[in-house]
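Everything on this sheet refers to the single structure shown next.
Letters A, B, ... are given to chains in the order of the sequence lines, protein chains preceding strands, and every chain is numbered from 1.
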2 protein chains.
Amino acid sequence: MARALLEALRRRDVLADHVRTIADADAMARVGTYDVLVLDRRLPDGEGLDLVAALRQRKHPVPILVLTALGGVDHRVDGLDSGADDYLAKPFAIEELLARLRALQRRGPAVSDRYLSFGNLSVDPRTNEVSIGGALVEFPRREYLVVEALMRRPNRIVTRPNLIEAVYALEDEIGSNALDAHISRIRKKLLLTEASVEIRSVRNIGYLIRAKA
Amino acid sequence: MARALLEALRRRDVLADHVRTIADADAMARVGTYDVLVLDRRLPDGEGLDLVAALRQRKHPVPILVLTALGGVDHRVDGLDSGADDYLAKPFAIEELLARLRALQRRGPAVSDRYLSFGNLSVDPRTNEVSIGGALVEFPRREYLVVEALMRRPNRIVTRPNLIEAVYALEDEIGSNALDAHISRIRKKLLLTEASVEIRSVRNIGYLIRAKA
DNA sequence: CTGCGTGTAATGTAGCCGCAATCTTTGGCT
DNA sequence: AGCCAAAGATTGCGGCTACATTACACGCAG
């Protein structure tokens, strides 16, 4: 069954990983960044819904589709109420599963390296390149990381701690206005290139990128 | 059918509105803040999926569950791919519908982050932005917190202690009329921007926001 | 050695916000 | 009805501080 599914997904250029146990799935969910999780209820080491509950308790945001042979209405209700986002009873048409996966992915958090575009500014996380009005603009590493972090949530505040984490990852870099300095340099570039966006500060909170006034 | 559904929802303390046409639903979605939209495919003035497509094109974020008598797999695929988040074929168990609605609502933004709207004033807790009559109005941090706290319970009294807690969180700020001063400044802005709401004081208790007399 | 990236520190600046003084409103009391 | 005290409204002032900007130094790479 898993093999058939994987094959069907592969044929449609969907990237998928497969593990057999709850423990493995848990581990994968911890490290990997997946758009959707497909879960069977009957698994070698337990009940799939327990994993759903565990993930949700940890506030794990990944959309989950539960797949099962237990088709009764009450089973479906239990499944959904445990924190799953969709529930499909076997047997099912592969096309329906794929459509439901698409629906879930559409809603899920942005894929981590999708092209980011806002105003006349765009960012390619794969190549770390920034274009403004179609023209490539050089952004050194740290400045780039700030821009990318802001572009992941245009029009929304990105907190100072978030930005620092995005730029300095693990390295504990504290006690200076380095971030402010980067912001200032980025702003200068945005001005020179006549970008249609600006970085606004939100006192005591952080920054956000938005369309220029 | 709609009547039965409404009745079932009401019995479970779910607040629901019902309209019969696509046009009405569209209008409701524009102004109202709903957690989920339940949509039939066959409607007096057209095909429900067209509304889904229209809403999605406008980037309307509301989760949509499509309900229909057309139960074939390909119909379901079409429904999901048009931008709906779930698809349920009639006949269905009311319990399953309710569970799916819960799942959809769960996935939406947390209640605390939802867009707050009342009169021609709206507040976005994610960005800490306030718009009046569609226009962005600047509210500094403390004033913003007051507005947000009031907007969370429109037409209802928010006590002075509650407001102070909302604005000053942990910091122990006592002994002045700072809160009154903020209220005053907010009122001035509401006047200047011709807001349709006003802040009324309730002697010895607190304040409330309500439609202007 | 030279140039760029980046952290640091110094300096400048804006605007929030608390304070207090003054004025207005409210509600209770006789 | 009229008065008073207390609550609330309003306003200008000023200090504080987060943020902006700039210059500079260090380090690494070519």
Side-chain angles (χ1 to χ4, degrees), chain A residues 128-130 136-150 157-192 198-210 212-213, chain B residues 128-130 136-150 157-192 195 197-210 212-213:
Chain A
N128 292 11
E129 279 175 344
V130 178
L136 244 150
V137 181
E138 284 298 324
F139 275 82
R141 185 161 139 273
R142 303 229 111 116
E143 290 178 27
Y144 168 81
L145 289 170
V146 173
V147 172
E148 184 188 316
L150 291 172
I157 297 175
V158 184
T159 64
R160 223 158 229 284
N162 279 161
L163 283 171
I164 290 174
E165 193 199 333
V167 177
Y168 300 99
L170 314 172
E171 341 163 23
D172 37 40
E173 162 58 36
I174 338 176
S176 95
N177 62 349
L179 178 59
D180 305 59
H182 287 303
I183 294 278
S184 179
R185 289 171 193 135
I186 293 168
R187 278 186 176 135
K188 195 179 291 178
K189 277 183 191 148
L190 294 183
L191 267 188
L192 291 178
E198 63 183 349
I199 297 178
R200 293 195 35 132
S201 69
V202 182
R203 178 173 251 246
N204 278 322
I205 315 251
Y207 293 89
L208 65 85
I209 196 166
R210 62 193 260 160
K212 210 165 183 175
Chain B
N128 292 10
E129 280 177 342
V130 178
L136 251 166
V137 181
E138 287 295 328
F139 276 82
R141 181 173 163 68
R142 302 231 117 111
E143 289 177 27
Y144 168 81
L145 290 170
V146 173
V147 173
E148 183 188 316
L150 291 171
I157 299 174
V158 184
T159 65
R160 221 160 231 284
N162 279 161
L163 283 172
I164 290 174
E165 194 199 334
V167 177
Y168 299 98
L170 316 172
E171 342 163 25
D172 38 42
E173 159 58 35
I174 1 172
S176 94
N177 63 348
L179 177 60
D180 305 60
H182 287 303
I183 294 279
S184 177
R185 290 176 191 130
I186 293 167
R187 279 184 175 136
K188 192 181 292 177
K189 276 184 190 147
L190 294 183
L191 268 188
L192 291 177
V197 296
E198 64 182 351
I199 297 177
R200 293 195 39 121
S201 67
V202 182
R203 195 187 172 92
N204 282 324
I205 314 260
Y207 293 90
L208 67 85
I209 196 166
R210 64 191 250 163
K212 209 164 184 176

Rounded distance in Å - CG (A:L163) to P (C:dG7):
14 Å

Can you tell me how far C1' of D:dC16 sits from CZ of B:R142, to the nearest Å?
13 Å

Any donor-acceptor N/O pair under 3.5 Å between C:dG7 base and A:R185 side chain:
yes

Please report, rounded to the nearest Å, how far the P atom of D:dC19 is from the CD1 atom of A:I164.
10 Å

Closest non-hydrogen atom pair, A:F139 against A:V147:
CE2-CG2, 3.9 Å

Just so I know, are the side chains of B:V202 and B:T159 near enough to count as touching, which here means a heavy-atom distance under 4.5 Å?
no

Roughly how many Å is it from CD in B:E138 to C1' in C:dG15, rounded to a whole number?
12 Å

Which letters describe nucleotides 22-30 of chain C, given B = protein heavy atom under 4.0 Å from base, S = only from sugar-phosphate, - = neither?
----BS---

Under 4.0 Å from OP1 or OP2 of D:dT10: is there any side-chain N or O of B:S184 that close?
yes

It should be established whether B:Y207 places a side-chain nitrogen or oxygen under 4.0 Å from OP1 or OP2 of nucleotide D:dA9.
yes

Output for pair (A:I164 CD1, A:L145 CG), nearest 0.5 Å, gives 13.0 Å

Grab the CG-C1' distance between A:N204 and D:dC16 for me, whole Å please.
12 Å

Within the structure provided, determine whether A:E129 and A:Y144 are in side-chain contact (heavy-atom separation under 4.5 Å).
no

Salt bridge B:E138-A:R200, side-chain N to carboxylate O under 4.0 Å
yes

How close or far is atom P of C:dG7 from atom CD of A:E143, stated in whole angstroms?
10 Å

How would you label the contact of B:R160 with the nucleic acid (heavy atoms, under 4.0 Å): base, sugar-phosphate, or nothing?
sugar-phosphate

Contact under 4.0 Å: B:H182 side-chain N or O vs D:dA9 OP1/OP2
no

Is there a side-chain contact between B:Y144 and the phosphate of C:dC16, meaning an N or O under 4.0 Å from OP1 or OP2?
no

So, is B:R187 close to the D:dA9 phosphate, meaning a side-chain N or O under 4.0 Å from OP1 or OP2?
yes

Grab the OH-C1' distance between A:Y168 and C:dT6 for me, whole Å please.
8 Å

Nearest 0.5 Å, what's the CD1-CG distance between B:I157 and B:L208?
5.5 Å

Counting only side-chain N and O atoms of B:S201, is one of them less than 4.0 Å from OP1 or OP2 of D:dA7?
no

I'd like to know if A:D180 reaches the base of C:dT8 with its side chain, counting only an N/O donor and acceptor under 3.5 Å.
no

State, with a plain yes or no, whether a side-chain heavy atom of A:V158 is found less than 4.5 Å away from one of A:I209.
no

Compare side-chain N and O positions of B:K188 against OP1 and OP2 of D:dA9 and report whether any pair is under 4.0 Å apart.
no

Between C:dA10, C:dA20, C:dG7, which nucleotide gets closest to the side-chain atoms of A:N177?
C:dA10

Using atom types as modelled, flag every donor-acceptor pair under 3.5 Å from a side chain in residues 179-188 of chain A to any protein atom, sequence neighbours excluded.
from	atom 1	to	atom 2	distance (Å)
A:D180	OD1	A:R160	NH1	3.3
A:D180	OD2	A:R160	NH2	3.1
A:R187	NE	A:I199	O	3.2
A:R187	NH2	A:I199	O	2.9

Rounding to a whole Å, what distance do you find between A:I183:CD1 and D:dA18:P?
17 Å

